[in-house]
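As structure tokens, the structure follows; a few thoughts come after it.
Start at 1 and go down the list; that is how both ligands and their atoms are numbered. One is the number of the first residue; the rest follow in order along the sequence.
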Amino acid sequence: MSIKDNLQHIKSTIPEHVTLVAVSKTKPVSDLMEAYDAGQRIFGENKIQEMVEKHDQMPKDIQWHMIGHVQRNKVKYMAEFVSLIHGVDSLKLLKEINKQAKKHDRVIDCLLQIKIAEEESKFGISTKEAHTLLQSDEFSELKHIKIAGLMGMATFTDDMKQVESEFKFLKSTFDDLKKQQASNYQLEILSMGMSGDYKLAIDCGSNMIRVGSSIFGARIYQ
Ligand SMILES: *Cc1c(COP(=O)(O)O)cnc(C)c1O
């Protein structure tokens with residue numbers, strides 16, 4: 001099936017309140033343009049450099065989401081245009097995003113990445129750390145960022161029961177943290193679910209899914 005067919009198929013199977021982020025990392029601009037021509041306007045990349053290059057070459061009505069781990073010294077390259085940063089996992093990183101957003105006189109929406117998987121390799125903070133961060137005075141002073149939701153990645157396993165319990169845990173954290181809000185903190189987005197598990201994620205309460213290989217085909221890493 002073509003990229004267009006894949007996109008249309010996925011869109012026809014997800015509820016309207018769920019936002020589809022087309023994860024285009026490693027894929028050439030020609031593939032992204034095929035998705036763009038089929039109506040897709042939200043793309044997710046996991047490397048800042050690659051996202052900047054694609055942003056330069058592509059139409060300007062695209063919303064670019066940074067879904068990967070963010071290195072602080074590279075925030076400046078995307079601060080002008082990035083529309084959502086999914087993988088925020090420290091106050092230190094938030095401060096840098098705030099500083100760079102201020103230079104461009106904008107507010108950058110961010111998601112806190114919560115660690116729900118068992119793997120050591122996955123990034124993210126605990127629910128408790130998220131609570132502490134959001135309650136801190138230092139956080140309340142950041143006027144150029146907004147915490148718009150949470151993001152999580154389940155363990156890479158065939159055990160769907162485990163994946164389900166991790167998604168449910170993230171949803172309960174979301175519901176819990178949502179009870180409070182501030183001028184720079186209002187949870188609306190719950191980003192969970194990828195090609196292999198987005199249906200389950202939606203059943204568990206996700207309203208933003210990040211889908212790559214089911215749209216663009218398998219990735220080849222050199
Ligand atoms: C690569 C990636 C995805 C998409 O993965 P697929 O299995 O190809 O859909 C989603 N989220 C993050 C954070 C990723 O790095």
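Under a 3.5 Å cut-off, the side chain of Asn207 and the backbone N or O of Met192 do not form any donor-acceptor pair.
Ligand 1 places these atoms under 4.0 Å from at least one heavy atom of Ser195: 6 (P), 7 (O), 8 (O), 9 (O). Atoms of ligand 1 lying under 4.0 Å from any heavy atom of Gly212, numbered from 1 in the order shown and given with element: 4 (C), 6 (P), 8 (O), 9 (O). Near Val211, the atoms of ligand 1 lying under 4.0 angstrom from a non-hydrogen atom of the residue are 9 (O).
Of all protein heavy atoms, the one closest to atom 11 (N) of ligand 1 is Arg210 NE, 2.8 Å. Annotation: atom 10 (C) of ligand 1 to nearest protein heavy atom, Met194 SD, 3.3 Å. Ranking protein heavy atoms by distance to atom 12 (C) of ligand 1, first place goes to Ile67 CD1, 3.5 Å. For atom 2 (C) of ligand 1, the closest non-hydrogen atom of the protein is Lys25 NZ, 2.5 Å.
Using modelled atom types and a 3.5 Å distance limit, the side chains of Ser126 and Glu129 yield a donor-acceptor pair. Between the side chains of Ser213 and Arg219, no donor-acceptor pair of N or O atoms lies under 3.5 Å.
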Assess whether salt bridge (Lys or Arg N to Asp or Glu O under 4.0 Å) is satisfied between Glu138 and Lys95, documenting all intermediate values.
CA-CA 9 Å; Glu138 278 182 295; Lys95 283 183 181 169; 2.5 Å; yes

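Considering every non-hydrogen atom in both Phe174 and Ile189, the closest pair reads CE1-O, 3.4 Å. In plain terms, the two heavy atoms of Lys27 and Leu32 that are nearest each other are O-CD1, 3.7 Å.
Heavy-atom distances between Arg219 and ligand 1 reach below 4.0 Å in at least one pair.
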